[in-house]
Every structure is written in structure tokens, then in C-alpha cells.
2 protein chains.
Amino acid sequence: MDALTINEAAETSGWTPRMLRYIEELGLVEPPRSSGGYRLYGPGELQRLRTLRELLDRFDLGLGDVGFARRMQRDDALRTVVEGWLEAEPARPEHVPADDWLEWEQDKHERLLAEAARRDTTLTETP
Amino acid sequence: MDALTINEAAETSGWTPRMLRYIEELGLVEPPRSSGGYRLYGPGELQRLRTLRELLDRFDLGLGDVGFARRMQRDDALRTVVEGWLEAEPARPEHVPADDWLEWEQDKHERLLAEAARRDTTLTETP
DNA sequence: CAAACCTTGACAGAGCCGTGGTAAGGTTCC
DNA sequence: GGAACCTTACCACGGCTCTGTCAAGGTTTG
């Protein structure tokens, strides 16, 4: 019986029960449930909750930030497109004529977005 | 003279001038400046601004989300720790006794946070 | 079975985010 | 040199995030 109920978990982790429910809603820490529906926080969940707090304090993040990171990690299309966009940031290479560069950029993003679209439809189209 | 000034760039990109300044503030699109301080949007910046809009619409993101992704990409310590935290999420492996698993988890996070600290101090301590 | 706990759902407020506007002043260029 | 543009720096406001609290009802356990 080393699983804590929500109020106990709140006390040991430093979060409030309300926040524990919110954190679960964001998909960050999702404890298993008892047969009656009670959340059961085991050592793993408690550890995650403590390190989560450290993470937020240390880097001044919000729960939403970590939630977004989680989403990026799970959604291949999202991650690919965002990373593609960010990678295109560096200054224009001087050795490539501006026109060609633009064309290359456009092509690249079209490819990325097209790929994302393909995955979307692959996932959603179920006739 | 194929560099547009902020109002022209706003018109062609669909953003408002106010938003272009905000986007720059977030570090997402930082156009070079004229000698007098005017922002100069070249083809590359315009392309980035258009794809940024697409990106936000397509995945229902906020500018803050992309800003956070950018921060993660540039800050090694941040990326390492966040990814480490997220990777620890999967369910407890059944074949590892709970106590050992917890210990392993703690060690892992301590290592990650310690590494982050080391990088911080390496960067900030300049006696 | 009853006390003490848990559940979901709703409302509520403080604070931040995205956005617009405006003012005071500098730059460009005809 | 002056019209038209740009700069930064503020104030403002609707909406969303985070957090608390309460209500109505189900679960656990002595």
C-alpha cells in the first residue's frame, strides 16, 4: 500500500490537490486510479512531481511550456515543422543568390508542411 | 534595395507593424537594421513571417510556444533537462523492483540537474 | 454505517499574453 | 527642409492561464 491518495501526495510533493488535478489534465503526471476512481500516486509519480517543480523554478517555465514540449515530443508532424522553421533562422548565406535562397526556403517549407498534411490525412481519413 | 521597411513588410506578410516588433522581441524574426535604426525585411524575413503564420494556424500554437521551442533549441541545459523529464514518463517497468527504479530515477534527475548547474556556472562565473 | 476522504464540475479572481493605440522624437529622401 | 516614415516607451483591454473554492455525490475503511 505504498500508493498515496491525492491529499497525501499534495502534502509530500508541495503541490496543492487542485494543481495535481491540473497537472494530470495537462498530461504531465497521470497517476493510475483505484477501482473506485481514486488517484494513486506511487513513488514514481511523487518523484516526477518534485522534479517538475524544480524544473519550473530553475528555468522559470510555466506548466504550459512543459505541456507544449510534451506535445512536440509526441506529435511528429508538429516537431518536424517547428524544428524546420527554427533551423531556417540563421542569416542568409552570402554565397547563395537571394533569389535561389528564397526558392530553396519555400521549397523546404512546402515540403515540411506537405509532409505534415500527409500525416494528418493518413491519421484522420478513415472511410 | 529589395529590403522592405516595417509597414511594407506588414502589408506583404499579413502581420501588423506592432506584431512584427513583438515577434522580433520574442527573437523569432530579427531583421537587420539600417544605419539609422530602421528594420529592414528582406526576402528571407518575409518568407519566415509567412511560414510562421502558417505554422501557428495549422497547429493552433501561440507565439509564446514557438518562442519556447526556440529557447529549448538554443539552451542546451534547458533542452536536456526538459527532455530528460519527459522521457522518464513511461509507466514503471514491471521487471524492476519499485525501490530500485526510484533510485535510478532520482540518480538520473540529479545527474541532469547537476549537469545543468555545471553549465550555468561555467557560463556565469567569470572572476 | 458513518466519518473522512475522494470524484467531477462549475464559478471566480489575479495575472499574463497578444494586440492596439498614442506620444515624443529620430531618419529618409524628394 | 519638410513630408512621410520610422524608433522606443508607455497605457489599455479582452481573453486565456493558473489557482482557489465550493457543491453534489461516490469510495474507503474503522
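Naming convention: chains lettered A, B, ... in sequence-line order (proteins, then strands); numbering from 1 in each chain. Note that these values count all heavy atoms, side chains included, but never hydrogens, waters or copies made by symmetry.
Following rounding to the nearest Å, A:L28 (CG) and D:dT17 (C1') show an atom-to-atom distance of 14 Å. Atoms CZ (A:R33) and P (D:dG26) sit 17 Å apart, rounded to a whole Å. With rounding to whole Å, A:E11 atom CD is found 17 Å from C:dA4 atom P. D:dC5 atom P lies 16 Å from atom CG of B:L40, rounded to whole Å. For the pair A:I6 CD1 and D:dT21 P, the computed distance is 15 Å after rounding to whole Å. In this structure, the OH atom of B:Y38 is 12 Å from the P atom of C:dG26, given to the nearest Å. A:R39 places its CZ atom 17 Å from the P atom of D:dG26, with the value rounded to the nearest Å.
For A:S35 and D:dT28, the shortest distance from a side-chain N or O to OP1 or OP2 is below 4.0 Å.
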**Study point:** Footprint string (nucleotides 13-25 of chain C, 5' to 3'): B base within contact, S backbone only, - free, heavy atoms under 4.0 Å
**Key:** ----SSBBB----
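A:A9 pairs by the side chain to side chain contact (heavy atoms under 4.5 Å, CB included) definition with A:L4, A:L20, A:Y41, A:L46, not counting sequence neighbours. Not counting sequence neighbours, B:R71 has no partner by the side-chain hydrogen bond (donor to acceptor under 3.5 Å, both in side chains) test. Not counting sequence neighbours, B:R21 has no partner by the salt bridge (Lys or Arg N to Asp or Glu O under 4.0 Å) test. Taking A:R18 as the reference, nothing meets the side-chain hydrogen bond (donor to acceptor under 3.5 Å, both in side chains) condition, with sequence neighbours excluded.
Among pairs with a residue in residues 31-42 of chain A, those fulfilling salt bridge (charged side-chain N to carboxylate O under 4.0 Å, His left out) read A:E24-A:R33, A:E24-A:R39, at least two apart in sequence or across chains.
In this structure, the side chains of B:L78 and B:F68 come closer than 4.5 Å at one or more pairs of heavy atoms.
In this structure, B:E24 and A:G36 both approach DNA chain D, and ranking their closest nucleotides by distance from the 5' end singles out B:E24.
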